[in-house]
Amino acid sequence: MATEPIHRWKVLADRLYDARHQWVQKDDVLWTMGITDYTQDTAGDILYVSLPEPGTVLEQGQPFGSLESGKWVGQLYAPFDGVVIAANDLVRDNPQLLNQDPYGRGWLIKARAQNNDEAVKQLLTDTEYMQLLDELDER
C-alpha cells in the first residue's frame, strides 16, 4: 500500500517558491517575498534581518539581504530582476516574526518585477516545492 509523504513544513498553494526556500506571491503589480517555513525551521530563532531600502534594484540570483540566527547566517537572493518598493519594518524591528508567521506578517519585501513572464518561469509551484522538500527529507 502506497502512502503519501508526510510534510513537516507548511507550504501554501497560493505562492510560488524558489530552490533557496523563499516564496513570492503576486499582488496586482507587485510581488511580495518572504522565507518559507522550512527556512525558519532550519535556521532556528532568527535574531537579525537586513533588508534593502525602497528603490534598491534587484538582480536575479544576487543577494538583497540577509538573516541571522544563533546558529546560522544566510543570504536572501532575488528571484528575478526588479525594484524594491517596500521593506517590512515590522520584521526589521522584530525578526522573530519570521519564525512565528513566515507566510503572513513575516513577509520581507514587496517588489516590482522587470518582466513578470520571465519572473515566474524559474519559480516552483507548491507541488514542485513539496517534491524538493521530500528529497531533502530523504537525505
Side-chain angles (χ1 to χ4, degrees):
M1 174 167 72
T3 59
E4 286 292 313
I6 297 172
H7 300 284
R8 59 182 172 158
W9 298 289
K10 187 176 182 181
V11 176
L12 302 183
D14 65 348
R15 286 139 220 261
L16 296 170
Y17 300 85
D18 68 17
R20 290 186 168 114
H21 307 286
Q22 300 173 148
W23 59 263
V24 297
Q25 182 180 42
K26 191 162 187 218
D27 224 2
D28 196 21
V29 296
L30 297 181
W31 292 85
T32 302
M33 295 181 216
I35 62 167
T36 64
D37 189 39
Y38 171 85
T39 301
Q40 72 79 24
D41 181 50
T42 56
D45 290 339
I46 297 172
L47 306 173
Y48 176 77
V49 179
S50 172
L51 297 175
E53 294 300 321
T56 301
V57 174
L58 299 174
E59 199 175 319
Q60 182 180 2
Q62 296 302 307
F64 69 82
S66 64
L67 304 174
E68 294 181 26
S69 72
K71 63 179 184 177
W72 178 81
V73 175
Q75 296 288 320
L76 300 165
Y77 292 91
F80 49 74
D81 293 338
V83 176
V84 175
I85 303 302
N88 190 346
D89 288 332
L90 287 176
V91 165
R92 277 190 181 131
D93 296 340
N94 182 8
Q96 289 195 330
L97 271 177
L98 292 168
N99 295 108
Q100 298 161 2
D101 192 12
Y103 294 116
R105 295 181 316 138
W107 61 272
L108 298 171
I109 63 171
K110 293 184 184 285
R112 181 171 284 118
Q114 190 171 24
N115 181 337
N116 283 319
D117 293 336
E118 286 300 312
V120 297
K121 280 186 181 175
Q122 294 83 16
L123 298 173
L124 306 171
T125 65
D126 60 311
T127 303
E128 293 166 331
Y129 183 64
M130 282 191 282
Q131 289 171 344
L132 176 68
L133 292 177
D134 288 343
E135 291 168 16
L136 290 173
D137 222 9
E138 290 172 3
R139 292 181 190 164

When clusters are formed by joining ILVMFWY residues with side-chain heavy atoms under 4.5 Å apart, either directly or through shared neighbours, do Leu47 and Leu67 land in the same one? no
Among Asn88, Leu58, Ile85, whose side chain to side chain contact (heavy atoms under 4.5 Å, CB included) with Ile109 holds? Leu58
Same cluster or not: are Ile35 and Leu30 linked, directly or through other Ile, Leu, Val, Met, Phe, Trp or Tyr residues, by side-chain heavy atoms under 4.5 angstrom apart? no
Let me confirm one number: the NZ-CG distance from Lys10 to Asp126, rounded to the nearest 0.5 Å. 13.5 Å
Flag the pair Leu132 / Glu128 as yes when at least one side-chain heavy-atom distance between them is below 4.5 Å, and no otherwise. no
If hydrophobic clusters are built from ILVMFWY residues whose side chains come within less than 4.5 Å, do Leu76 and Val57 share one? no
Linking I/L/V/M/F/W/Y whenever their side-chain heavy atoms sit closer than 4.5 Å, directly or via other members, would Leu90 and Phe64 fall into one cluster? yes
I want to check something: taking the side chain as every heavy atom from C-beta on, are Gln122 and Asp18 in contact at a cut-off of under 4.5 Å? no
Heavy atoms of Gln60 and Asp81 approach each other most closely as N-OD1, 2.7 Å
Could you pull out the closest heavy-atom pair between Gln96 and Asp45, with the gap in Å? NE2-CB, 3.6 Å
Examine Met130 and Leu136 and state if one hydrophobic cluster contains both, with Ile, Leu, Val, Met, Phe, Trp and Tyr joined whenever side-chain heavy atoms are less than 4.5 Å apart. yes
Measure from the side-chain N and O atoms of Tyr48 to the backbone N and O of Pro95, and report whether any donor-acceptor pair falls under 3.5 Å. no
In the structure I gave you, are the side-chain heavy atoms of Leu16 and Lys26 within less than 4.5 Å of one another anywhere? no
State, to 0.1 Å, how close Met33 and Pro79 come at their nearest heavy-atom pair, and which atoms those are. SD-CD, 3.6 Å
Taking every non-hydrogen atom, the tightest pair across Asp41 and Trp9: OD2-NE1, 2.8 Å
Would you please test Val84 and Leu51 for side-chain contact (heavy atoms from CB on, under 4.5 Å) and show each step? CA-CA 10 Å; Val84 175; Leu51 297 175; over 6 Å; no
Spell out, as yes or no, whether a donor-acceptor pair under 3.5 Å connects the side chain of Ser69 to the backbone of Ala43. yes
Give a yes or no on whether the ring-centroid distance for Trp23 and Tyr129 is below 6.0 angstrom. no
Between Ala78 and Glu59, which heavy-atom pair has the shortest distance, and what is it? CB-O, 3.4 Å
State the OH-NE2 distance between Tyr38 and His21, to the nearest 0.5 angstrom. 4.5 Å
Are Gln40 and Asn99 linked by a side-chain donor-acceptor pair shorter than 3.5 Å? yes
Ring-plane angle category for Tyr103 and Tyr17, please: parallel below 30°, perpendicular beyond 60°, tilted otherwise. perpendicular
Is the count of non-hydrogen atoms from other residues, nucleotides or ligands lying under 6.0 Å from Arg105 atom CZ greater than 12? no
What closest approach, in Å, do Leu12 and Arg15 show between heavy atoms, and which atom pair accounts for it? CD1-NE, 3.4 Å
Could you give me the CA-CA distance, side-chain angles and deciding distance for Leu108 and Leu98, then say whether side-chain contact (heavy atoms from CB on, under 4.5 Å) is met? CA-CA 9 Å; Leu108 298 171; Leu98 292 168; 3.7 Å; yes
Side chains of Thr36 and Leu133, heavy atoms from C-beta outward: is any pair under 4.5 Å? no
